[in-house]
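In this text the structure is predicted, and so the values were computed from the model without any measurement. Residue numbering restarts at 1 for every chain, and letters A, B, ... go by the order of the sequence lines.
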There are 2 protein chains.
Amino acid sequence: MTGLREKRKEQTRQAIQDAAVKLFNAKSFEKTSIEDIAKQAGIGKTTVYGYFSTKEEIFINYCDDKLDQAFARLQTNDCTDTNLLDRLVDFFMLKFTFVTQNREFGRQLLREMIFPSAVNEKAKPHDQRYFDRLEKLFHCAEENLEISPGQDLFYLSVHFFSLYLGILAGWYTGYLTSLEEAEEGMRKLFRQALEGVAA
Amino acid sequence: MTGLREKRKEQTRQAIQDAAVKLFNAKSFEKTSIEDIAKQAGIGKTTVYGYFSTKEEIFINYCDDKLDQAFARLQTNDCTDTNLLDRLVDFFMLKFTFVTQNREFGRQLLREMIFPSAVNEKAKPHDQRYFDRLEKLFHCAEENLEISPGQDLFYLSVHFFSLYLGILAGWYTGYLTSLEEAEEGMRKLFRQALEGVAA
DNA sequence: TTATAAGCTCGAACACGTTCGACTTTCAGG
DNA sequence: CCTGAAAGTCGAACGTGTTCGAGCTTATAA
């Protein structure tokens with residue numbers, strides 16, 4: 001019965017995770033202490049460190065869950081006949097509204113995702129799926145003759161992702177304050193990218 | 001002699017600032033404690049809080065100084081006849097190498113600049129100068145007939161700044177690991193923006 | 001000049017993330 | 001079964017950012 005230890009371990013891990021999710025949602029990352037989490041999970045605070053080596057790590061795990069949820073909603077849209085610009089704006093605005101829904105959560109998450117404390121190998125599969133989805137979108141556009149053929153679709157994804165980042169930066173630094181402004185800005189940037197600016 | 005208090009206050013403030021700069025350079029933000037700073041400045045650690053309300057605030061101040069230095073170096077380049085792409089890459093790579101010179105410093109700074117804890121009005125003049133500089137660059141390009149006329153130069157600046165952000169994100173998430181890769185990626189993205197991708 | 005208000009300073013204490021060390025439970029081999 | 005090793009648990013303690021409160025210094029005005 002080697003499994004007893006492992007089963008308990010799995011249970012405890014889950015209890016911590018659940019407690020964290022509950023408290024992060026109720027309060028926030030910053031206002032939730034390790035002790036709160038431990039109490040909620042019914043264990044001592046030191047024990048938490050047997051499962052996660054840092055408070056941030058718990059948060060990252062929590063984010064991964066949240067992102068999976070958000071990502072699931074992106075799966076539906078497919079090679080439709082709406083134009084590329086609209087589809088791109090939809091794609092990124094969905095993510096934008098999700099991330100900025102709770103300003104503090106988004107800020108913490110973005111800091112950790114874009115400028116992580118350490119290179120986070122675990123985040124890469126997620127990025128991968130995300131960029132795959134984007135590439136697929138461009139692939140459709142290529143077939144629909146909306147973009148010129150032979151483009152590097154990966155770099156195209158990076159390009160639009162960067163513009164999305166720019167909008168997020170504008171949001172968090174206070175230059176954009178409403179969803180409408182954000183969408184308008186995004187549209188403007190995306191159009192520049194599609195049309196090009198060189199003479 | 002109303003000035004006595006104020007003069008002392010100014011001195012103490014400067015002492016804290018100097019101490020912080022010295023220690024942040026010698027060690028790092030994280031490894032420097034408030035107590036270290038206080039000791040170096042010859043005051044009690046509580047006193048620091050009469051001048052800065054948080055450790056981050058001291059860091060922000062320090063960053064502003066650093067950024068001013070970096071910015072000064074950008075002033076020189078002017079309406080030359082080198083092509084726009086090269087000038088843009090030069091402009092942003094200078095900033096990139098500066099920021100990433102010390103990985104930890106850059107990370108901390110970017111987190112605070114791009115996703116600040118609170119909207120930081122003090123940062124705006126700096127941004128302003130920065131974007132002014134970029135706009136000037138595009139203005140030259142417009143005169144040199146390198147870009148099509150009538151573009152929104154501000155949004156053009158935002159566009160390229162966003163791409164720069166994308167490169168930084170790639171750096172900190174581990175997708176780009178050498179300066180050469182970063183420059184190559186930047187060049188590729190910039191070219192896309194200039195040439196456009198629509199059919 | 002002196003009384004009072006306002007501002008400044010710092011030792012002590014608090015909060016919270018994290019580590020240490022000792023105790024308990026589980027597991028594997030004889 | 002036993003027994004010794006490994007893994008898990010937690011109270012106590014540490015480090016550091018931040019606040020409290022009491023005492024001291026400076027400014028003001030009668």
Side-chain angles (χ1 to χ4, degrees), chain A residues 1-24 26-63 104 107-108 111-112 116-118, chain B residues 1-24 26-63 104 107-108 111-112 116-118:
Chain A
M1 227 178 275
T2 302
L4 187 106
R5 229 181 174 92
E6 272 173 37
K7 215 167 89 185
R8 279 209 193 143
K9 181 129 206 195
E10 192 42 53
Q11 277 177 358
T12 305
R13 182 180 206 85
Q14 198 56 51
I16 295 172
Q17 196 80 266
D18 292 347
V21 170
K22 182 169 172 185
L23 294 171
F24 287 164
K27 315 190 215 177
S28 70
F29 174 74
E30 268 120 342
K31 285 188 183 160
T32 302
S33 74
I34 297 272
E35 200 154 13
D36 291 338
I37 296 173
K39 211 172 289 175
Q40 172 77 34
I43 57 176
K45 106 171 150 162
T46 312
T47 305
V48 174
Y49 286 88
Y51 297 84
F52 301 91
S53 57
T54 165
K55 190 185 173 190
E56 271 189 355
E57 199 178 309
I58 304 178
F59 182 74
I60 301 274
N61 248 275
Y62 163 75
C63 288
E104 273 313 291
R107 189 173 60 83
Q108 197 77 30
R111 282 185 171 199
E112 213 48 65
S117 329
Chain B
M1 228 179 275
T2 302
L4 182 83
R5 230 184 176 93
E6 272 174 39
K7 214 167 91 185
R8 278 209 194 145
K9 183 132 205 194
E10 192 43 51
Q11 276 177 0
T12 306
R13 180 178 208 88
Q14 197 55 50
I16 295 172
Q17 195 82 267
D18 292 347
V21 170
K22 183 169 172 185
L23 293 170
F24 286 163
K27 317 190 215 178
S28 69
F29 173 74
E30 267 119 344
K31 284 187 183 160
T32 301
S33 74
I34 296 272
E35 200 154 13
D36 290 339
I37 295 174
K39 210 173 289 174
Q40 173 77 36
I43 57 177
K45 108 171 147 160
T46 311
T47 305
V48 173
Y49 286 87
Y51 297 84
F52 301 91
S53 58
T54 166
K55 191 183 172 190
E56 270 188 357
E57 199 178 309
I58 305 178
F59 182 73
I60 301 274
N61 249 276
Y62 164 75
C63 287
E104 273 313 292
R107 190 172 61 81
Q108 196 78 29
R111 282 186 169 200
E112 213 47 66
S117 328

5'-most by nearest nucleotide on DNA chain C - A:Ile34 or B:Gly42: B:Gly42
I'd like to check B:Gln17 versus B:Gln14 (side-chain heavy atoms, cut-off strictly below 4.5 Å). Are they in contact? yes
Spacing of B:Glu35 atom CD relative to D:dG17 atom C1', expressed in whole Å: 11 Å
Does D:dT9 have OP1 or OP2 sitting under 4.0 Å from an N or O in the side chain of A:Tyr51? yes
Check this one for me: any side-chain N or O of B:Lys55 less than 4.0 Å away from OP1 or OP2 of D:dT16? no
Proximity to the side chain of B:Arg8 - top-ranked nucleotide from D:dT26, D:dT18, D:dC10: D:dT26
Heavy-atom neighbours of A:Lys39 NZ exceed 12 at 6.0 Å: no
Given atom CZ of A:Arg13 and atom P of D:dG8, what is their separation to the nearest angstrom? 11 Å
Would you compute the distance between atom CD1 of A:Ile37 and atom OG1 of A:Thr47 and round it to the nearest 0.5 angstrom? 13.0 Å
For A:Thr46, answer base if it contacts any base atom (sugar-phosphate contacts may also be present), sugar-phosphate if it contacts only those atoms, and nothing otherwise; contact means non-hydrogen atoms under 4.0 Å. base
Does B:Lys31 count as lying over the ring of B:Phe24, i.e. NZ or CZ under 6.0 Å from the six-ring centre, within 45 degrees of the axis? no
Give the rounded distance in Å between these two atoms: NZ of A:Lys9 and P of D:dG8. 4 Å
May I ask you to verify if any side-chain N or O of A:Thr54 is less than 4.0 angstrom from the OP1 or OP2 atom of C:dT18? yes
Taking atom P of C:dC16 as reference, at what distance in whole Å does atom OH of A:Tyr49 sit? 12 Å
For A:Glu10 and D:dG8, give me the distance from atom CD to atom P, rounded to whole Å. 12 Å
Does B:Thr47 have a side-chain nitrogen or oxygen under 4.0 Å from the phosphate oxygens OP1 or OP2 of C:dC10? yes
Quickly work out the A:Phe29 CZ to C:dG17 P distance and round it to whole Å. 8 Å
Counting distance alone, no hydrogens or angles: does the base of D:dT18 have a donor or acceptor under 3.5 Å from a partner atom on the side chain of B:Lys45? yes
Charged tip of A:Arg13 within 45° of A:Phe52 ring normal and under 6.0 Å: yes
Separation of D:dT19 P from B:Phe52 CZ (nearest whole Å): 15 Å
Rounded distance in Å - CD1 (B:Ile58) to P (D:dT16): 15 Å
